[in-house]
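Only heavy atoms go into these numbers, but all of them, side chains included; no hydrogens, no water, no symmetry mates.
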Amino acid sequence: MANVPDKLTKPYDPAQTEGRIYKEWEDGNHFAPQGKGESFTIIMPPPNANGDLHAGHALFITLEDIMTRYARMQGKRALWVPGADHAGFETQIVYEKKLEKEGRSRFKMSREELYQEILAFTLENKTNMEAQVRRLGASCDWSREKFTLDPEVVAEVGRTFKKMFDDDLIYRGERIVNWCSKHGTSLSDVETEFVEQVDPLYYLQYGPFVIATTRPETKFGDKYVVTHPDDERYANYTHGQQLELEWINGPITATVIKDDVIDMNFGTGVMTITPWHDATDFEIAKRHNLSKEQIIDEHGKLLPVAGDLAGLKIKEARAKIMEKLQAKGLIVKVEDKYNHAVKTCYKCGTAIEPQIRDQWFVKMKPLADQAVKAVNDCQIKFIPDNQRKIFLYWMENTIDWNISRQIVWGIPIPAKICDACRSGMPDLENKITTCPSCSGPMRTDTDTFDTWFSSGQWPQLVLGYPDHADFKTFYPTSVMETGHDLIFKWVPRMVIFGLYLTGQVPFHTVYLHGLVNDAKGQKMSKSKGNVVSPEELINEFGTDALRMALVVGNTPGTDLALARDKVKAYKHFANKLWNVARFIITELEQNKDWVKTDLTEIDHLLLKQFEAVIKEVTGDLEHYRFHLAAEKLYHYIWHELADVLIEESKIILKTDAANSRRQLLFKILDGSLRTLHPFMPFITEEVWSLLTPHHSNHQLLIITPWPLSSNL
RNA sequence: GGUCGAUUAGCUCAGCUGGUUAGAGCGCCACAUUGACAUUGUGGAGGUCACAGGUUCGAGUCCUGUAUCGACCACCA
């Protein structure tokens, strides 16, 4: 055993290997695109800079790395650009919790102070996040990394805002927004969640009508009563008819409205409306040009319209209102257990209190139409294909997009607002001081952009649209790989911005992976305590094992159950590969004088069989069937190469056919390492280095050509 | 209420364009220490591919319906 490399006398140890090899790749600048070949580009969905990577990150990094490494080995100019997301609302919430623990509040800090604190916090965490991406073996080009708050990003996002305003695609408008009174900001629809809730349903006497409501505390200002035009029960009342009636705080004049949005079968078929605090009511008021009054302020407290209850929080007010109604004999009945869905803030669970606010909106219809057209023209391929339907459904049912957020941690909207005439306009150079329409003073908009407004432009921003050479070389990108939960949050916005800004789709293929769940298929969550951290799994089993566990058996778009035992199984596989290498390399080292001969007929056939496997695996990779490719390699290496070929070689290597067999084993190990490299980059690179003395080519595996029958 | 998907071995899931006795991992049972590997090897048990129809020479694979589960969407106060 004198000539056997020292490493091969010991078991494979990922902890001793992976960090060293990653450094070798990175120091050798092997992640940067090389050559002048066909370009292949993936833009990494930027992980949140504020925390640790979770299993979902591990999955997408593995998938994107497989694609990138495969493309690189094929000789393409492969570029995978990493990023870090400031994750506006998300991060601010994390930071607010931190402040809360310290007994502080963001509402007591200056904007600038808060921004700087969160920036420091984020940049500190960013390094941590990047280190975790590296540990997963990501062969992304760090020299091109972008942070979502980089100055050039912020500037370009501002220019897009102005361009869209000039093109009449952005307007400032009074609209009902989802308002979270805890966070003091509006939210987009995708940032809210419906929660099933059981509440009492109150039946109240409203003049001659009985109305049903779950929210009596909003009813102070209600002076319109709405019925369905076809409802015969109320045929005696006509649209626009006025009625005098006794209400919570005394007599009021109510107006009858007929609108077919009313469900005749719900409650009594009559409702009163609160346009300021309900989306449906707002639409009714808009249709009939009704007046609107604010009842609840932005902190969730009642305004003076509530009379002696003004200043009370909604929850406290309800009981008192019921007392008042009771005293006036206006409560007809109360149904105790009414089951309904309540819109809540997806972060804090606070019930959304819709509010009317002046905000910036993007007109979605014309933009969405373009996106639909591009997809129908097959300019974008979806994997799996059914996601295409979901995309189209989403794009065909758009509503205007509220891009204003009342949070500090984000890209400031470069605009000026005139409070006098409530107009607003972009002001990239911060020059406008007086309102062009009413000559009033203009103030700087204090709102920030919705995160998706900037991340929707990510493929362009990352590549330095419009002038940078990278943009010219690598745009449109090849694949966008992301979670299927982002098929409507993120993907459509990227398509829209891509088409709008560049006239081209931002990527030709969208690959959507599923969620990574726990071993039982349950969603991982901190409250359930079933969160599996990739970091721990790597420490225990190695990155390569984790990567295989994430890929094998995982079809695109489908959720994955990640069991510890599965990762363990692929650690065993790594061990198997190591021992295969140990056997073969030892054999070669001990017979250094072996001469290359023609393969025997049998060995030739065996090589052909191996080539057939490579061909299949190549086909699977071409069609994004990573799960099949990985499984086939696993199966071949373990049950063909190890179990059959090596076993029988123990005899054959003592016969005349030894040299042919040595050559066969060498070629198969060589090809196996190359095909397996995208999946298990570390161990394959390590074994490759041990095989190097037997090679004519001494370069690292990461930049070695993909095996074909011609180069085996 | 709507959309999409799932239903295959004890568990978690593959099965790509329909084609011989339905596969993997883990688990289970019985043996085994031979030039790498016990993080192992050999062999084995275990499935009416949810149900009912249909298309076809042939269906787990295509079509229709039913049931159950799941995810997502939705202005029923």
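- Straight-line distance between the P atoms of B:C62 and B:A6: roughly 9 Å, to the nearest whole Å.
- Comparing B:A77, B:G5, B:A36 by their closest approach to the side chain of A:Val580 singles out B:A36.
- Backbone-only contact: A:Thr558 has heavy atoms under 4.0 Å from sugar-phosphate atoms and none from a base.
- What separates NZ of A:Lys650 from P of B:G35 is a distance of 7 Å, to the nearest Å.
- When heavy atoms are screened at a 4.0 angstrom cut-off, A:Ala642 is found touching base atoms of the nucleic acid.
- Put simply, CD1 on A:Ile637 is 16 Å from C1' on B:A24, counting in whole angstrom units.
- Distance A:Leu653 CG to B:U34 P: 18 Å, rounded to the nearest Å.
- Here the nucleotide nearest the side chain of A:Glu631, chosen from B:U39, B:A14, B:G25, is B:A14.
- Distances from the side chain of A:Asn575 to the nucleotides B:A36, B:U39, B:A77 place B:U39 closest.
- Residue-level contact check: A:Ala279 touches neither bases nor backbone, having no heavy atom under 4.0 Å from any strand.
- Among the heavy atoms of the strands, none lies under 4.0 Å from A:Glu283.
- Residue-level contact check: A:Phe488 touches the backbone only, with heavy atoms under 4.0 Å from sugar-phosphate atoms and none from bases.
- Computed from coordinates, the A:Met548 CE to B:C26 C1' distance equals 15 Å when rounded to whole Å.
- Nucleotides B:A74 and B:G2 place their P atoms 16 Å apart, quoted to the nearest Å.
- One can place NE2 of A:His627 at 17 Å from P of B:A24, the figure rounded to the nearest angstrom.
- Across all strands shown, A:His639 has heavy atoms under 4.0 Å from sugar-phosphate atoms exclusively, and none from any base.
- A donor and an acceptor atom sit less than 3.5 Å apart, one in the side chain of A:Lys576 and one in the base of B:C37.
- Put simply, CD on A:Glu647 is 10 Å from C1' on B:G35, counting in whole angstrom units.
- Between A:Glu540 and A:Lys571 the shortest heavy-atom distance is O-NZ, 3.7 Å.
- Between the P atom of B:C73 and the CG atom of A:Asn178 lies a distance of 13 Å, rounded to the nearest Å.
- Nucleotides B:U21 and B:G47 have their C1' atoms positioned 14 Å apart, rounded to a whole Å.
- A donor-acceptor contact under 3.5 angstrom links the side-chain atoms of A:Lys654 to the base of B:G35.
- What separates CG of A:Asn579 from P of B:U33 is a distance of 20 Å, to the nearest Å.
- The pair A:Glu616-A:Lys632 counts as a salt bridge, with a side-chain nitrogen and a carboxylate oxygen less than 4.0 angstrom apart.
- Of the listed residues (A:Gln355, A:Arg357, A:Arg175, A:Gln359), just one forms a side chain to side chain donor-acceptor pair (under 3.5 Å) with A:Ser186, and that residue is A:Gln359.
- A:Ala563 comes within 4.0 angstrom of nothing in the nucleic acid, heavy atoms only.
- In the set B:C4, B:A77, B:C76, B:C76 carries the atom at the smallest distance from any side-chain atom of A:Asp263.
- Note on A:Tyr634: only backbone sugar-phosphate atoms sit closer than 4.0 angstrom, heavy atoms only; bases stay farther off.
- The side chain of A:His572 approaches B:U39 more closely than any other nucleotide in the set B:G41, B:U39, B:A77.
- Residue contacts for A:Val552: at a heavy-atom cut-off of 4.0 Å it reaches no nucleic acid atom on any strand shown.
- The residue A:Lys343 sits apart from the nucleic acid: no heavy atom pair falls under 4.0 Å.
- Among the atoms of the strands shown, none is found under 4.0 Å from any heavy atom of A:Asp485.
- Residue A:Thr555 is in sugar-phosphate contact alone, with no base atom involved, counting any heavy-atom pair closer than 4.0 Å across all strands shown.
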